[in-house]
Protein chains: 2
Amino acid sequence: MLRTHTCGELRIDHVGQEATISGWVQRIRNKGGLIWIDVRDRYGITQLVVEESNSAKEIVETSESLGREFVIQASGQVIERVSKNPKIPTGDIEIKVGQLEVLNPAKVPPFIIEDETDGGDDLRMKYRYLDLRRNVVRKNLEIRHQVSKATRDYLDGEKFLEVETPVLIKSTPEGARDFLVPSRMNPGQFYALPQSPQTFKQLLMVSGFDRYYQIVKCFRDEDLRADRQPEFTQIDCEMSFVSQKDILHTFEGLTKYLFKQVKNIELADFPRMEYADAMKYYGSDKPDIRFEMKFVELNDVAQNKGFKVFDDAELVVAICASGCANYTRKQLDGLTNWVKRPQIGAKGLVYVKCNEDGTFKSSVDKFYSQEDLKAWAEKCGAQAGDLLLVLSGETDATRKAMCELRLEMGSQLGLRDKELFKPLWVVNFPLLEYDRDTKRWYAMHHPFTSAVPEDLPHLESEPGKVRANAYDLVINGVEVGGGSIRIHNREEQEKMFNALGFTPEEAKEQFGFLLDAFEYGAPPHGGIAFGFDRLCALFGGVDSIRDFIAFPKNNSGRDVMIDSPSAINNEQLDELSIKLK
Amino acid sequence: MLRTHTCGELRIDHVGQEATISGWVQRIRNKGGLIWIDVRDRYGITQLVVEESNSAKEIVETSESLGREFVIQASGQVIERVSKNPKIPTGDIEIKVGQLEVLNPAKVPPFIIEDETDGGDDLRMKYRYLDLRRNVVRKNLEIRHQVSKATRDYLDGEKFLEVETPVLIKSTPEGARDFLVPSRMNPGQFYALPQSPQTFKQLLMVSGFDRYYQIVKCFRDEDLRADRQPEFTQIDCEMSFVSQKDILHTFEGLTKYLFKQVKNIELADFPRMEYADAMKYYGSDKPDIRFEMKFVELNDVAQNKGFKVFDDAELVVAICASGCANYTRKQLDGLTNWVKRPQIGAKGLVYVKCNEDGTFKSSVDKFYSQEDLKAWAEKCGAQAGDLLLVLSGETDATRKAMCELRLEMGSQLGLRDKELFKPLWVVNFPLLEYDRDTKRWYAMHHPFTSAVPEDLPHLESEPGKVRANAYDLVINGVEVGGGSIRIHNREEQEKMFNALGFTPEEAKEQFGFLLDAFEYGAPPHGGIAFGFDRLCALFGGVDSIRDFIAFPKNNSGRDVMIDSPSAINNEQLDELSIKLK
């Protein structure tokens, strides 16, 4: 037997017993005729002790031959430590080594295997199997396991059935770019890897499965940003005979359950916000509501006073930064430069200090009286000591810039605590958005999303005004999940394809099976998908999803550890009836 | 609200309450001024009743307009039925319809949606979403959900961590053919879809994850038989610091747990059989041990008596069919013809009837005395009334034929009850098998399997004699899972690649990351993978795995419902830097 106990298991109660452990050498110390060896496994660290004068010669020799990360097996009596280590659960005991064996030696690792490591990104990715030994990385994957298990437990309790949908499916030009797989048995034809199991889960509703879920790999062949991966995981769900309210209720329940199970946090009920309000008050469809600092529109009090910048602006909008009236010239210049960076794109920043003495000091004092500024401050609910920050310009761009400025101020004021979680439902997104380059409308969510019923009659006349029966779950400014009530009627689905510029032939070729299915008794249905990698990252308090994926790819879509993708041989190409260009 | 209750929920206790249900019209009857409508959902069937004389005109009209598979919503009071239906849980009640709405009409389905259907395979696959409505098919997927949930519960309890491994990996020529995915970002290079997460799970052991599992899609681009699918699912597991015994113990525990949870069957401890014995006594590496009928080798008592067929044979082998001495001439001829079919390939069949009066009657009476035949019967442990069936020839082919004959006799004698489950571990397979076509050795399991330690010294001198530290779980003659203790030492792994004909450069190019990993402290480890689709089929008492896959592909690898694979456009080909041949 290679071990009787793990390295995290022995306690004071085991003293006197014989035990065998196996694991990795974490550290070796040698002092006053004693050799201490810390042995590590997934469960913890246990200390071995070898008395040089009192032990068999081989044991001493083996002990002295050990290096970091050697895999060893040790047996002996569990004894009470002289100097205990209260920081670790096994800190009361050590094993007095009676037998010691090297199961596998180890070369010196290319970087230090501790929470703080000297290994750069590239090196750690090449030796990912060593990086995964670090506690911080392993714990991320343990969180992932916990989130997954708790998700399944909750959904199983709610009578959801897990159904696996195919990975080799059909390419559809709509949406992001597909990964394609040439078919050997059907020369010249290709499968696609799914961007989501959307149509399959809808068909399962047509089949009467009623409640479906799957934790499932999805694929997008997009140019990768730091926070994107070509393969990613979704918690994918669908329900029949439900309204938006039912879905929000069920998945608010799931989210609360996960926070309770994984983080022992009891979340309050989630507020719901119309998309239009999210944009108006936060300039974003994923507001971070850990802090207020809502947008206040000042057009009525700030325009027509002779300040041309504001007078010409479509929108004049302010936020109120509590207690920041004491910002220095340098700080204010810093913020101004910050908003003028290309990625924010504001032309400038107006500030108003609400002084403790009731006066106001602004960067636009020559255009506005104390009276005027007081009116602004009142509109913003500002108190003495607060600072107003004002941007202006075209509405969408100004809101976007103000959103960034608000988040920056939130960070500067310490209002974005990673251990505070504030979920929010954002509902009723626009159904369609117009793309000026391709001169057509695109589905904001996807082509299967239904319209808010009272808006439906305007689909042909005013497509941009129609709201979708769609919803996103946002936590701390991160979009964690999103979904919609779907179209379940052939005619309505055909109208939608038409609005998106599909000819009837194209619609039929790509989605004929779904249109057909809607004619054989399709129930009203809707669903949601959670970005599982992102959800785990949120639980772990980390921004990058890559830290929560065991074997991630880099920004060129490469796995540098296994060196993939790679060239294939001509025989393989021939079999697939393809050639390289 | 679209429903207050499901169609499987209402009982006598609900009588008097108002209820709303939604579902599919299963059946409509019209008699004596009453219309009965059976409404179906996943949970059951509830009967609606409309009194023609006593109901609003619209309700009567709507009722009369309904057809099979219409999706409807109905509200009304729950009342006690006059004539109850004890066959269904809701059979005591019905709903007296006060409101009735068609949520979606349905065309007449292309086949009957009942357990017994008139739809052929092709039609049901094209309209799989309708086929999935049938109770028998839906129940299969419910079993699949249960097996999956119970597997996770058990493994979670045993401290296994679920870790997702990548789907876009690297092609390796060893083993079956890979599905390949051209990389757009790395022109001329390809990913492969995994045939199993083998190397990744081994790396996770090197990382110290200790106990890993995953229920994971795997892919093989092989020519498909009825019982193969290009994408299939495995329960994939790996453990560190274990011997074969530990793994068998853990996964025998899993299997028992699944049978208890899913079928409420308590399995006894599983016997273990050496591969060599399985071949000797059952002619198969996956014996069906629901019945005995073991092979008995008769060479010593049947040879050198002048019967040239036996004298020239490498093997003379018998089985004893209890109580079959009364088989007629016609039955015996039938069996002879059966074993002579090309797929069995025997040259002939010798029988010996052990008559009730103690005499023997055989098809080779002119070569063998009663004494001789008595010796055979004794060797076979045959009783009066039994029938011996004897085959002879080259050892491997004869065993294979006898294996088939044994299974056939087991079926004829009703010894293969689908609700009786007899698991068996078959252990210590040969490590390598020689392929005469390519004139090289292949790994019988895979190149990462370790040898039984005492056989290892013979790897270079007598590769065919070396046993692998490998094991299969066989239930009722079906291979349900298999695995091995792995090599965890670079030198041993290099020797194995060498035995398989890899040059050192090839080994390094394809598996360098694993060889490197073994030098940084790899623990002893081993694992197992269960064929999840097949396991579910076994639980469902069905032979074909296709019935347990929601959206299977046909024998040409096509999904005829979505019509995939399909042609892609030139722009897509260009982006991938490939051309069609």
Side-chain angles (χ1 to χ4, degrees), chain A residues 2-3 22 24 42 69 71 104 106-107 109 129 132-133 141 145 148-149 156 161-163 166-171 179 181 183-186 188-191 203 206-208 210 217 221 231 241 513 517 519-523 550-551 556-557 561-562 564-568 577-581, chain B residues 2-3 22 24 42 69 71 104 106-107 109 129 132-133 141 145 148-149 156 161-163 166-171 179 181 183-186 188-191 203 206-208 210 217 221 231 241 513 517 519-523 550-551 556-557 561-562 564-568 577-581:
Chain A
L2 282 154
R3 64 183 173 198
S22 292
W24 287 260
R42 185 185 118 197
E69 303 303 320
V71 183
N104 216 346
K107 294 204 296 195
Y129 48 87
L132 286 170
R133 279 190 196 161
L141 294 187
H145 168 83
S148 156
K149 186 65 175 55
D156 188 69
L161 288 176
E162 185 177 22
V163 181
V167 175
L168 296 169
I169 65 163
K170 186 175 177 172
S171 180
F179 279 104
V181 183
S183 167
R184 179 181 56 87
M185 286 209 269
N186 302 275
Q189 300 193 329
F190 291 73
Y191 302 100
L203 291 176
V206 175
S207 299
D210 204 76
K217 273 277 173 73
D221 187 10
E231 48 179 301
F241 302 116
F513 59 96
E519 293 196 292
Y520 287 104
F551 300 102
S556 318
M561 180 185 72
I562 62 171
S564 160
S566 58
I568 60 171
S577 309
I578 56 172
K579 287 196 289 191
L580 299 184
K581 248 175 98 161
Chain B
L2 281 154
R3 63 185 173 197
S22 292
W24 287 261
R42 185 185 119 197
E69 302 304 320
V71 184
N104 216 347
K107 293 205 294 193
Y129 48 87
L132 287 170
R133 278 189 197 163
L141 294 187
H145 168 83
S148 156
K149 186 64 175 54
D156 188 70
L161 288 176
E162 185 175 23
V163 181
V167 176
L168 296 170
I169 67 163
K170 186 176 175 170
S171 182
F179 280 104
V181 183
S183 166
R184 179 181 56 86
M185 286 208 271
N186 302 274
Q189 300 193 329
F190 291 73
Y191 303 100
L203 291 176
V206 175
S207 300
D210 203 76
K217 274 280 174 74
D221 187 11
E231 48 179 300
F241 303 116
F513 59 97
E519 292 195 294
Y520 287 103
F551 300 101
S556 318
M561 181 185 73
I562 62 170
S564 158
S566 58
I568 60 170
S577 308
I578 57 171
K579 286 195 289 191
L580 298 185
K581 249 176 100 159

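Chain letters run A, B, ... following the sequence lines, proteins first and then strands; every chain starts at 1. Quick caveat, the model's predicted, so the values are computed rather than measured.
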Q: Determine the option with the most heavy-atom pairs under 4.5 angstrom with chain B, choosing from A/A550, A/S148, A/S556.
A: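 Between A/A550, A/S148, A/S556, the count favours A/S556.
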
Q: Look at the side chain of B/N104 and the backbone N and O of A/A522, then say whether any donor-acceptor pair between them is shorter than 3.5 Å.
A: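 Confirmed, B/N104 side chain pairs with A/A522 backbone.
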
Portion of [X] that has a non-hydrogen atom of chain A nearer than 4.5 angstrom:
X      : answer
B/S22  : both
B/K217 : side chain
B/V181 : both
B/M185 : side chain

Close side-chain approach of [X] and [Y], heavy atoms under 4.5 Å:
X      : Y      : result
B/R42  : A/L161 : yes
A/R133 : B/V206 : yes
B/F190 : A/P565 : no
A/S566 : B/Y191 : no

Q: Show your reasoning for whether side-chain contact (heavy atoms from CB on, under 4.5 Å) applies to B/F551 and A/I169.
A: CA-CA 10 Å; B/F551 300 101; A/I169 65 163; over 6 Å; no

Q.
Using the side-chain hydrogen bond (donor to acceptor under 3.5 Å, both in side chains) criterion, which residues pair with A/D221? Sequence neighbours excluded.
A.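 Once residues adjacent in sequence are excluded, the partners of A/D221 under the side-chain hydrogen bond (donor to acceptor under 3.5 Å, both in side chains) criterion are B/R184.
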
Q) Can B/L580 and A/K579 be said to form a side-chain contact (heavy atoms from CB on, under 4.5 Å), step by step? A) CA-CA 6 Å; B/L580 298 185; A/K579 287 196 289 191; over 6 Å; no

